[in-house]
Structure formats: C-alpha cells, structure tokens
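The structure appears below as structure tokens.
In what follows, every chain begins at residue 1, and chains take the letters A, B, ... in the order their sequences are listed.
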2 protein chains.
Amino acid sequence: MVARYELIADDLREGILSGARPAGSQLPSEAELAGRYGVARGTVRQAVAVLAAEGLVGSRQGARRVVLPSTVPGTMPDAAPSAAPGGTPGAARSQSFAELHSFAQWARAGGHRFGGRVIEQRRRRAGAAEAARLGGGEVLEVLRLRTLEGEPVLVERTVYAAWVAPAVEALPADCESVTQALYDAIGLVFAYGEHLIDAVAAGSQDARLLGVRRGSPLLRQRRTTTTHEGRPVESSDDRYRAGSVAFSIRNSIGANPLARQALDLRSGRGEHMFDS
Amino acid sequence: MVARYELIADDLREGILSGARPAGSQLPSEAELAGRYGVARGTVRQAVAVLAAEGLVGSRQGARRVVLPSTVPGTMPDAAPSAAPGGTPGAARSQSFAELHSFAQWARAGGHRFGGRVIEQRRRRAGAAEAARLGGGEVLEVLRLRTLEGEPVLVERTVYAAWVAPAVEALPADCESVTQALYDAIGLVFAYGEHLIDAVAAGSQDARLLGVRRGSPLLRQRRTTTTHEGRPVESSDDRYRAGSVAFSIRNSIGANPLARQALDLRSGRGEHMFDS
DNA sequence: CAGTGGTCTAGACCACCAA
DNA sequence: TGGTGGTCTAGACCACTGG
C-alpha cells in the first residue's frame, strides 16, 4: 500500500530530475496541485514536504515553491579557485546522509563492486564511556577492512553491544553486509544513527591496511547506531581513504520559518531561541 | 507569533534534554498529548515531527514513540577500540548540519572567540563549470583565513556569483560575518546549501596559512549556497585543520515507513523503489 | 484484539509576498 | 490586495504493534 502523497512526490520529483521543471522554476500552488491530483490540500502538503526534505524544492510563506538547483550526484565540480592545491583528480563517489545506510547498501545502490573481511575480532569488557553508550557487559570489538572496486577504501573499528555480540560472532569473516545479515539472523534493524565527521592522519595500522602512507589524510566517521526502540547497537570508528568517498548533505536555514532566522541575524548576539 | 506546535515541541524537547524523559522511555500517545495540551491531534503530530527531525525521538506505526539516546553535544567519546592510533586528544567542537549556518553563526552560538580576514581577492571570468553553477559573468574569488580562539583553523576559498560580487567587494577585509554583512547590506539570505565533505592533504598554501605541515590531513567542505528563490550565491572550498572541528549529523532509516526499508533489504539486489 | 501511529478529508483563519 | 503557504480543527479509516 503506497501512500497517495508518495505517488505525488514521485511524480513531482520525476518532473524535477528530468528537467521538465528546471531549477528556479515555480511549482504550481498547493490548491492547483490538489485539484490536479484530486486530493485534499493536506495531502499535497505532505508530498511537497518530502521534496523539501530532500532539498529539491524550497518554500517560503506567501511565495510559490521553487525548484532548487541541484548538482549532478557524485560530480560536484571543484569549487576551489585555481589557487587551490591539486585536489583529488576524479570526482569522488558521494554518500548521502539524508538516510542511514550501511556501507554495503550504499555501495550496492551505487552499482559498485564491494567486499570486506574481518581482520581482528575479540570480546572484552566495556570501558566506562562505552558502557554509557552501549550498555555494559562484554562488548565485541571488530576490525574490518572493506573494499570498493577491489581497492581497500575503509577501515572499520566497531564495538558491538553485548546483546548483539553473539549474532555478530556467528557471521562469516567475509560477510558482505553485516546489516542485512543481522536482520536476517535476528531481525535486527539499524534504525537511527548519530555521526561525527572529521579528518585524521592515518596511523600505522590504517596505513598498512589501506595501502597509504602513514600520516596521510583519512576521512573519519564516528557513528553510534540504535534500534527503533532506541537501544544502542554499535559504535564505530570508520576511516575512509582520502579521495575514495565523500559525504553529501543538503541543508536549509531554519526548520520551516525560513525568514525568521534572517531576522535573528540582525540582532547580532541576541538571545538564541534554540538551545541546541 | 509562535505556532502552538512549536511550543509543544519545545516543551517535550525540554523534558527530553532535562532527563525527565530518559532515553528509551516512551512518549505519551498522540491522543493523550492532544488532550493534555488542548489541541487537535494534527497539531501534536506536527510537534513530534519536529522532534523526530531533530533525531530526539523515533517513531513506528503501531508503537509508541520512544526517546532516542543522544550523545552529549561536542563530547562524543572515542568510538575507536584501543587498536586505534592516537586520536585527537580533546573532543573537537562539533558543528551540526541540521541547519545551514555560517562559520560566524556557528562559532558565536558555541560561544567561541573567532575572527577572519581576507588574504586575497580578485575578479575573473567564470569557468565553464562555475558558470553552470553560479551563472556566468565576472565572478569574485576570495581567499579567507578564519580563526577560532585565536588559532587559524579554516581556509576558505569562495567564488561569488557576479551579481553579489559588488556587495562582497564592499566589505571590510576583516569582516566578522560575511553572511550577516550581506544581509544588512542588500538583504541577501543564504537559504539553502549543498555540501560535499571529504578529507584532503594540506597543500603548501593551506599549510602556510593554517600552520600545519604540508600533506597533513584537512577536513574539506565544498559548498554551494543559494537564496530562497534558488538563485546560486556562492560556491566554496573550505578546509579545516584536523582536530579543530567535526561535523555532526543525525540520521534515520527510510523517510517515514521505517519498517519497509528493512523488508527491502531481504530482497537482496531487488528493485529499488527510489531512484535517488 | 485494543491501542497506536500513518494517511486523508474538508473545511477555516492567518501571515506573508508580490504586484 | 489577491494569492500563497503556514497553522489548526474534527472528524474518518487503515496498517501495524504488542500483549
């Protein structure tokens, strides 16, 4: 059972991606769309909310929605002026953060050849910080190396909560998709993730595994994942070889009242209405 | 005029952040919240949608909403097992990507001392790729160095579209917040952003400006920003010194029908219902 | 099976933008 | 000032979760 608003969103999305609705053009009004699709206005609003969340359209109270310009996926050109040092040659594959995806899911969706294997794996008692994050007990620490198109691109250092450890240990060392395997085995769903992204220098182990020089730049993603119920599953430190992948994110100012934010700016320091 | 649903969201958020609603606990049902706040169910749904977008609560059809565990901002502990090479010592400041913020906005909100100055600035004709992204004509290329707590942390190489170039040229070289200055000057709002994040080695210019060794890791953020109308404003290549900042993102599987995604997984390759 | 969230309707009023 | 999106109501039915 597919929701009506999803179908409408699909239809509008196709129009945008196909170029029928070019960047900068205006969408029909909600009232007109409601008439055209034969639904209530609320349903149309749900549909366009999807597109807004995807960063395809922008909206402001009082003005028609506009189609936003979008870079062709994975080929965002070098923004750097000529002064920039020699960047990575080919446009790197990019991984969207709009939804939570495992490495395998992402690679498969992008049509890449990928693999991976466990390098090291052992149980140990949770440290204080880990216990706070994952719950106490005997956590499972796993070191994995993953490849893309035959090349090693990612070193994953993952700590699994005690309650999933047995299921993880039961997996083969060359398991393609841990996420899928755990779902098949015990119905586990990685539902929510929190990510911290920064850059680090390759350590000696990183360097050896990825085939780069020690100290060379790596893109690091520290991640904590939970189930639907909010139960922590794993906490991971993933390091990508520079140039192999990039993360992509789309953003807008303010949650919905886009204009308000601009006014807050004027007040200089002012008081912040969100404490986050 | 603050919307009712915002107030309800604020109230619930405070309960979560204060610990009154601990991670893993269930939220009251929509019906009960509607009664408690004296609003219709739809209004309650808007409120919890805000919290869901912030990653504070999760929801699934048929089950009560749950409060998700959240890492204390800016202090996500080292997820890496002991095998990891010596990471950055202090927890780095983290910048959320939930909303679009300028460096100045972010630094100010975090209570940091910050500054910046223009190193180089010149007009030149747009290249082909730039013209496609920003519109043609004479773009303005600016090299800025920005500091946090007195330390240089960020090299910004920005290309401004021709139509904003005059306003940017009119700014003082040590302008604190370009975003705010441009708003004050010509009412320009940076409304939407698209970001590509990866790691690169410091070039010689980067190294000199940031006070690091050539080849040392930098966190790179390539960004294209547009107005509310979707008109491109700037395109930038920002490079952060490793350890100075991290980007933080919260995620969930699937847009709303969280369970469906899990089922799709089972079908292995299967057909993908979203072409994105 | 009862309770819950997900979808949808058909109205209403308001704040805002552009002409 | 007219059209637009933002908010809100009071209902309805359905799909799903959990005991």
Test item: [X] side-chain N/O and [Y] main-chain N/O as donor-acceptor pair under 3.5 Å:
X: A:Gln180; Y: A:Ser177; answer: no
X: A:Arg65; Y: A:Leu27; answer: no
X: A:Glu14; Y: A:Asp11; answer: no

Basic-acidic side-chain contact under 4.0 Å: B:Glu194, B:Arg223:
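B:Arg223 and B:Glu194: not salt-bridged.
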Would you tabulate the side-chain donor-acceptor contacts of residues 38-45 of chain B under 3.5 Å, counting partners in other chains and residues two or more places apart, or write 'none'?
| residue | atom | partner | partner atom | Å |
| --- | --- | --- | --- | --- |
| B:Arg41 | NE | B:Glu30 | OE1 | 2.6 |
| B:Arg41 | NH2 | B:Glu30 | OE1 | 3.1 |
| B:Arg45 | NH1 | B:Glu30 | OE2 | 2.8 |

Side-chain N,O (B:Tyr5) to OP1/OP2 (D:dC8) below 4.0 Å
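Answer is no, no contact under 4.0 Å.
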Every protein N/O lying under 3.5 Å from an N/O of nucleotides 1-4 of chain D:
| residue | atom | partner | partner atom | Å |
| --- | --- | --- | --- | --- |
| D:dG3 | N2 | A:Gly62 | O | 3.1 |
| D:dT4 | OP1 | A:Arg64 | NH2 | 2.8 |

Let me see the working for B:Glu54 and B:Arg13 under salt bridge (charged side-chain N to carboxylate O under 4.0 Å, His left out), right down to the final yes or no.
CA-CA 10 Å; B:Glu54 291 170 358; B:Arg13 188 187 300 108; 2.8 Å; yes
Interatomic distance, CZ@B:Arg60 vs CZ@B:Arg64, rounded to 0.5 Å, equals 13.5 Å
Measure the spacing between OH of B:Tyr5 and CG of B:Leu12 and express it to the nearest 0.5 Å.
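So the OH of B:Tyr5 and the CG of B:Leu12 are separated by 14.0 Å.
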Between D:dT7 (C1') and A:Arg45 (CZ): distance, integer Å:
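Atom-to-atom, A:Arg45 to D:dT7, this comes out as 8 Å.
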Between D:dT17 atom C1' and B:Gln26 atom CD, what is the distance in whole Å?
11 Å
N/O contacts under 3.5 Å, protein versus nucleotides 9-12 of chain C?
| residue | atom | partner | partner atom | Å |
| --- | --- | --- | --- | --- |
| C:dT9 | OP2 | A:Ala40 | N | 2.6 |
| C:dT9 | OP2 | A:Thr43 | OG1 | 2.4 |
| C:dA12 | N6 | A:Arg41 | NH1 | 3.1 |

